[in-house]
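Numbering starts at 1 and runs along the sequence shown.
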Amino acid sequence: MSSLVVPTRGGSSTASGRSSIIDSIRGCTFSGVMIHKEELKKKIMMPEYLRLSMKEAIQAKDVEADTVTQLYETAHTAGAEPPQLPESPLVVFINSKSGGRHGPKLKARLQALMGEEQVFDLSSVKPNEFVQYGLACLEKFASLGDTCAKETREKLRVVVAGGDGTVGWVLGCLGELNKQGRLPVPPAGIIPLGTGNDLSRSFGWGGSFPYNWKSAIKRTLDRIGNDPTRCLDSWHVLVTMPAGADMETPYSLKATEETPLDQGLEVEGELPEKVSCYQGVFYNYFSIGMDARVAYGFHHLRNKKPYLAQGPVSNKLIYSGYSCTQGWFCTPCTSDPGLRGLKNILRIYIKKVNCSGWEQIPVPSSVRAIVALNLPSYGSGRNPWGHLKPKYLEKRGFVEAHADDGFLEIFGLKQGWHASMVMVDLISAKHIAQAMAIRFELRGGAWKKAYMQMDGEPWKQPMNKEFSTFIEVKRVPFRSTMVNGQ
């Protein structure tokens, strides 16, 4: 693939801190007006036989399906008109349930701009199905000597229209191509339809869906097809807990067979005879504590009362109000405030910058939420780690944070007032460490459960008084490739 890979950063302060209002105003410019619909179609639309073949392969879940073979043979019969190779072929994954009322309208607009077969609604076509059958169809044709299919596969880029969870889902499925040696992995650009849209902000695609989206969307598609790319770290999470406890897991966390913990760090105390293991991947953050508790409650409130979720603005207002009821700002007098500090239940071990061994680090007594952050955008564009001066970095043994530096920034949030000041950039969060690998160890005691979340997907984690629960976080060997819109 000929796209330029530029030196990466975690995203500039301007990009990560950009407000939704400013993003939307920028979307009202005439940047998309000069791109004519037919010219754009010619650049991004695949030849009809490729579009239909991919669709048939996905529907049949078989690249050898008779309809796929027939389409290929018809396109290659003697005297058939040679296909026109698109300059910047795209496919779109859209979560039509995101973006409030905009989702269905955006889907129809995209289908009009690039053909129905290149726009996949995630409610009917999953990204893993596209990878397994759609891309495999192009690869099969290429192996038969079809140069159009070969170049389309090599130039292909993916557009994800959705929130951070949707983007992470698609990136995870595309990442399977690395494991299978099916290169290149298509770079991904983003049309933000979620509430926080931190991945979109970090790579220059804005924090909200633009008001003047009908014209802006043409400009966005053109840029995703041509803009340079940057890399993004992703992080594997392994949860190991005593067997027997029921746990309602989010979509991003899947049950797996028993997996050993890192042998370089010995476990203190006894391990249970049987354990349950879960694994998943995150791209932005993993957190434990009150922020995850608020997210969990809000998530369930929205599921029970879906009429409340009318769009990003209403979601943020409801989320803010709900957080005030969860003890984030004021610990109820009926509970022991000491039990709210994570120090009572948590140990943290890390591998530091330029160190290969594990080291235990202290958990500050005042901290009620701990976040391991990969991007400089958290909670709708805030940068709680802050922009640290070189002298402070040197003093703490930190390095400047980037999205592909192989490190996570670990910080703490105290009570809600502290978190609020962090989120409006008045102060930085409590800096704890910078790490290339992390092990969290939790032991119940008076606590029966803890709250955790990955990239906005929360869950309630059962805890045991006798045996510890472990969460290990390590970088995935292969990086994702993102289209840089900045």
Quiz prompt | Heavy-atom donor-acceptor pair, Gln111 side chain to Ala108 backbone, under 3.5 Å | solution = no
Practice problem: Return yes if a side-chain donor-acceptor contact under 3.5 Å exists between Gln453 and Asp291, otherwise no. | Solution: yes
Quiz prompt | Smallest separation among heavy atoms of Val131 and Cys173, with atom names | solution = CG2-O, 3.7 Å
Quiz item: Salt-bridged, Arg382 to Asp198, with N to O below 4.0 Å?
Solution: no
Quiz item: Counting only heavy atoms not in Lys254, do more than 12 fall under 6.0 Å of its NZ?
Solution: yes
Quiz prompt | Stepwise side-chain contact (heavy atoms from CB on, under 4.5 Å) test for Arg201 and Leu375 | solution = CA-CA 10 Å; Arg201 295 171 192 271; Leu375 298 177; over 6 Å; no
Quiz item: When rounded to the nearest 0.5 angstrom, what distance separates CD1 in Ile217 from OG1 in Thr220?
Solution: 5.0 Å
Quiz prompt | For the student: nearest non-hydrogen atoms of Thr259 and Glu257, plus distance | solution = OG1-O, 2.9 Å
Quiz prompt | Distance-minimising heavy-atom pair for Ser208 and Pro192 | solution = O-CG, 3.5 Å
Quiz item: Going by an N to O cut-off under 4.0 Å, is there a salt bridge joining Lys42 and Glu39?
Solution: no
Quiz item: What's the verdict on side-chain hydrogen bond (donor to acceptor under 3.5 Å, both in side chains) for Gln461 and Trp459, showing C-alpha distance, side-chain angles and the deciding distance?
Solution: CA-CA 6 Å; Gln461 178 66 51; Trp459 73 93; 3.0 Å; yes
Practice problem: For Asp233 and Gly406, indicate whether the former's side chain and the latter's backbone hold a donor-acceptor pair under 3.5 Å. | Solution: yes
Quiz item: Any sub-3.5 Å donor-acceptor pair from Arg153's side-chain atoms to Pro184's backbone N or O?
Solution: yes
Quiz prompt | Glu73 side-chain N/O to Leu71 backbone N/O, donor-acceptor pair under 3.5 Å | solution = no
Quiz item: Under 3.5 Å, is there a donor-acceptor pair between the side chain of Asn178 and the main chain of Phe478?
Solution: no
Practice problem: For the pair Gln434 (side chain) and Val399 (backbone), establish whether a donor and an acceptor sit closer than 3.5 Å, ignoring hydrogens and angles. | Solution: yes
Practice problem: Have a look at Trp169 and tell me which of Tyr283, Phe282, Tyr251 forms a ring-ring contact (aromatic ring centres under 6.0 Å, His included) with it. | Solution: Tyr251
Self-check item: salt bridge (Lys or Arg N to Asp or Glu O under 4.0 Å) between Lys179 and Glu176, worked out
Solution: CA-CA 5 Å; Lys179 299 178 183 178; Glu176 292 298 310; 3.2 Å; yes
Quiz item: When you measure from the side chain of Asp227 to the backbone N and O of Ile224, does any donor-acceptor pair fall under 3.5 Å?
Solution: no
Quiz item: Name the one of Asp404, Asn484, Thr481 that satisfies side chain to side chain donor-acceptor pair (under 3.5 Å) with Arg230?
Solution: Asn484
Quiz prompt | Check: Phe440 ring centre within less than 6.0 Å of Tyr349 ring centre | solution = no
Self-check item: Within 6.0 Å of CD in Gln180, more than 12 heavy atoms from elsewhere
Solution: yes
Self-check item: Ion pair Lys460/Glu248, N-O distance below 4.0 Å
Solution: no
Quiz prompt | Flag side-chain contact, heavy atom, 4.5 Å: Leu156 against Leu135 | solution = yes
Quiz item: Do Phe407 and His402 pass the ring pair (Phe, Tyr, Trp, His ring centres under 6.0 Å) test, and can you show the C-alpha distance, the side-chain angles, and the key distance before you say yes or no?
Solution: CA-CA 8 Å; Phe407 300 110; His402 301 284; over 10 Å; no
Quiz item: Thinking salt bridges, do Lys150 and Glu154 make one under a 4.0 Å N-O criterion?
Solution: yes
Quiz item: What is the distance from atom NZ of Lys155 to atom CG of Leu85, rounded to the nearest 0.5 Å?
Solution: 4.5 Å
Quiz prompt | Atom of Val68, atom of Ser53 and distance for their closest heavy-atom approach | solution = CG2-O, 3.8 Å
Exercise. Looking only at non-hydrogen atoms, find the nearest pair between Pro242 and Phe467 and report the distance.
Key: CG-CB, 3.7 Å
Quiz item: Between the main-chain N or O of Asp222 and the side-chain N or O of Asn226, is there a donor-acceptor pair closer than 3.5 Å?
Solution: yes
Quiz item: Does Glu472 reach the main-chain N or O of Asp262 with its side chain, forming a donor-acceptor pair under 3.5 Å?
Solution: yes
Quiz item: Can you tell if the side chain of Leu442 reaches within under 4.5 Å of the side chain of Ile471, non-hydrogen atoms only?
Solution: yes
Self-check item: Distance (rounded to the nearest 0.5 Å) between Glu441 CD and Thr469 OG1
Solution: 9.0 Å
Exercise. State, yes or no, whether a side-chain contact exists between Ser480 and Pro187 at a heavy-atom distance under 4.5 Å.
Key: no
Quiz item: Any ion pair linking Glu117 and Lys55 (charged N to carboxylate O, less than 4.0 Å)?
Solution: no
Quiz item: CD of Glu48: more than 12 outside heavy atoms within 6.0 angstrom?
Solution: no
Quiz prompt | Donor-acceptor contact below 3.5 Å, side chain Arg51 vs main chain Met46 | solution = yes
Self-check item: Ring centers of Tyr72, Phe141 separated by less than 6.0 Å
Solution: yes
Quiz item: Which heavy-atom pair separates Ser200 from Gly206 by the least distance, and what is that distance?
Solution: OG-O, 2.6 Å
Quiz item: Less than 4.0 Å between a side-chain N and a carboxylate O, is that true for Lys140 and Glu64?
Solution: yes
